[in-house]
*Asks:* 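The structure under discussion is supplied below as structure tokens; questions concerning it will follow.
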Amino acid sequence: MPNVSARTAKEKLEARRVSSGAEWDDLVLSRRTMDALERVIALASQKRGVRALFSGPSGTGKTFAAILLGKRLRRPVYRVDLSAADSKYIGETEKNLAALFERAEAKGWILFFDEADSLFGKRSEVKDAHDRYANQEVSYLLKRAEAFDGLAIFEARGEAALDGALAGSIDARVAFEPPEASLRLRLWEKSLAGVDEANYLGKELGEIARRHKLSCSEIARISDRVVRQAKRGHGEALFRDRLERTIRRELTRRDDEG
């Protein structure tokens, strides 16, 4: 995977290309979210300089949607991890961002600013030098993003920390939500398609979707594991057992991290 870095010895702010072999039809999201994504595509196709906000809990498909949106627009998507920006080195960060925006404009990249609330949440009343640097960093990013003639997407878990800073700059907002049971079932069906053992689950799969309130990314991780295991064979009963055990492990992992 191509990698373009904007890195100094003092910090690790960088941009990396993100991609997937999936296609637009592989997106399983609510109608409201899909309609909002179509509006982003329409805007980016019609005008230069579009800023979008993708908000919602972790694991709801924001990065995946950005990648497939890039495919629709035939533009590469580069992810920038804003949680790595360190306000102590504001001068270096500004230089890195300036170079990144310039290259993105020249190459036609879509910039996906991940964890924007981790940086914008620092914007606050100035009490010390650290606060001043944080506000300066955010102000520079906003100013440069407003001048960017491509598509810039800001990702955040919630909008509260971003409303004041981004309210006047955002052209489109896309809200991502944890999938309901019907969408979870579609996710399971898509991710397990082609696995013979999964065909025997029948109504069981609907019950699994209803009972386990998993996110899009959790279902994808679980499916990837059991599909790889299913390739070794061993039949329907073992597949069912592996699926349930893998779901339990994923839920335990979530509890441990939460």
Side-chain angles (χ1 to χ4, degrees), residues 1-27 33-34 36-55 61-87 89-120 136-156 162 165-166 168-174 176:
M1 181 182 293
N3 171 36
V4 176
S5 294
R7 177 179 293 186
T8 71
K10 293 181 179 179
E11 62 182 2
K12 296 181 180 179
L13 182 64
E14 60 182 16
R16 292 182 183 275
R17 186 171 182 178
V18 286
S19 60
S20 171
E23 299 297 336
W24 188 255
D25 288 343
D26 294 314
L27 270 178
T33 302
M34 292 298 293
L37 287 171
E38 290 288 355
R39 286 194 292 273
V40 175
I41 291 169
L43 278 173
S45 301
Q46 295 164 5
K47 58 177 280 193
R48 297 169 69 91
V50 175
R51 289 157 298 281
L53 174 62
F54 285 12
S55 63
K62 300 186 292 294
T63 303
F64 187 49
I67 292 169
L68 297 187
L69 186 150
K71 274 194 168 185
R72 281 280 300 272
L73 292 170
R74 297 183 179 179
R75 300 180 200 170
V77 179
Y78 279 77
R79 175 182 174 272
V80 184
D81 182 4
L82 289 179
S83 68
D86 192 332
S87 60
Y89 308 115
I90 180 65
E92 296 299 329
T93 299
E94 287 186 6
K95 290 177 187 176
N96 290 341
L97 282 170
L100 175 62
F101 275 110
E102 287 172 9
R103 190 160 192 185
E105 286 171 338
K107 299 287 187 179
W109 297 346
I110 293 171
L111 292 179
F112 181 74
F113 292 98
D114 200 12
E115 297 192 41
D117 37 3
S118 68
L119 178 61
F120 284 81
Q136 187 177 338
E137 191 171 66
V138 171
S139 296
Y140 178 81
L141 175 57
L142 282 173
K143 181 180 178 181
R144 193 59 187 82
E146 287 174 359
F148 181 50
D149 67 4
L151 172 59
I153 301 171
F154 293 91
E155 181 276 334
L162 304 178
L166 283 171
S169 304
I170 293 300
D171 300 294
R173 292 171 182 259
V174 184
F176 290 76

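The first residue in the sequence is number 1, and the count goes up from there.
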*Asks:* Got a sec, which residues hit side chain to side chain donor-acceptor pair (under 3.5 Å) with Arg75, two or more places apart in sequence or on another chain?
*Replies:* none

*Asks:* Can you name the salt bridge (charged side-chain N to carboxylate O under 4.0 Å, His left out) partners of Lys71, sequence neighbours left out?
*Replies:* Glu23

*Asks:* Are the side chains of Leu68 and Leu37 in contact, using a 4.5 Å heavy-atom criterion?
*Replies:* no

*Asks:* So how far is it from Leu151 CG to Trp109 CH2, rounded to the nearest 0.5 Å?
*Replies:* 14.5 Å

*Asks:* Could you work out, with side chain to side chain donor-acceptor pair (under 3.5 Å) as the rule, every residue matching Thr63, not counting sequence neighbours?
*Replies:* none

*Asks:* Of all heavy-atom pairs between Ser20 and Ile67, which one has the smallest distance, and what is that distance?
*Replies:* N-CG2, 3.7 Å

*Asks:* Residues in side chain to side chain contact (heavy atoms under 4.5 Å, CB included) with Ala98, at least two apart?
*Replies:* Tyr140

*Asks:* Work out which heavy atom in Lys62 is nearest to a heavy atom in Glu155; give both atom names and the distance.
*Replies:* CE-OE2, 2.6 Å

*Asks:* Which donor-acceptor pairs under 3.5 Å do the side chains of residues 39-49 make with protein atoms, sequence neighbours left out?
*Replies:*
residue	atom	partner	partner atom	Å
Ser45	OG	Ile41	O	2.7
Arg48	NH2	Asp149	OD2	2.6

*Asks:* Taking all atoms of both residues into account, what is the closest heavy-atom pair of Glu146 and Ser169, and its distance?
*Replies:* OE2-OG, 2.6 Å

*Asks:* Can you name the residues that form a ring-ring contact (aromatic ring centres under 6.0 Å, His included) with Phe148, not counting sequence neighbours?
*Replies:* Phe101

*Asks:* Less than 4.5 Å apart, side chain to side chain, heavy atoms only: is that true for Val18 and Arg79?
*Replies:* yes

*Asks:* For Glu102, what residues pass the side chain to side chain donor-acceptor pair (under 3.5 Å) criterion, not counting sequence neighbours?
*Replies:* none

*Asks:* Check Asp171, Ile170, Ile153 against Leu53 for a side chain to side chain contact (heavy atoms under 4.5 Å, CB included) and give me the one that passes.
*Replies:* Ile170

*Asks:* Of all heavy-atom pairs between Pro76 and Gly108, which one has the smallest distance, and what is that distance?
*Replies:* CD-O, 3.9 Å

*Asks:* CZ/Arg103 to CG/Leu111 distance, rounded to the nearest 0.5 angstrom?
*Replies:* 12.0 Å

*Asks:* Where does the angle between the aromatic ring planes of Phe113 and Phe154 fall among parallel (under 30°), tilted (30 to 60°) and perpendicular (over 60°)?
*Replies:* parallel

*Asks:* Could you grab the distance from atom CZ of Arg51 to atom CG of Leu142, nearest 0.5 Å is fine?
*Replies:* 9.5 Å

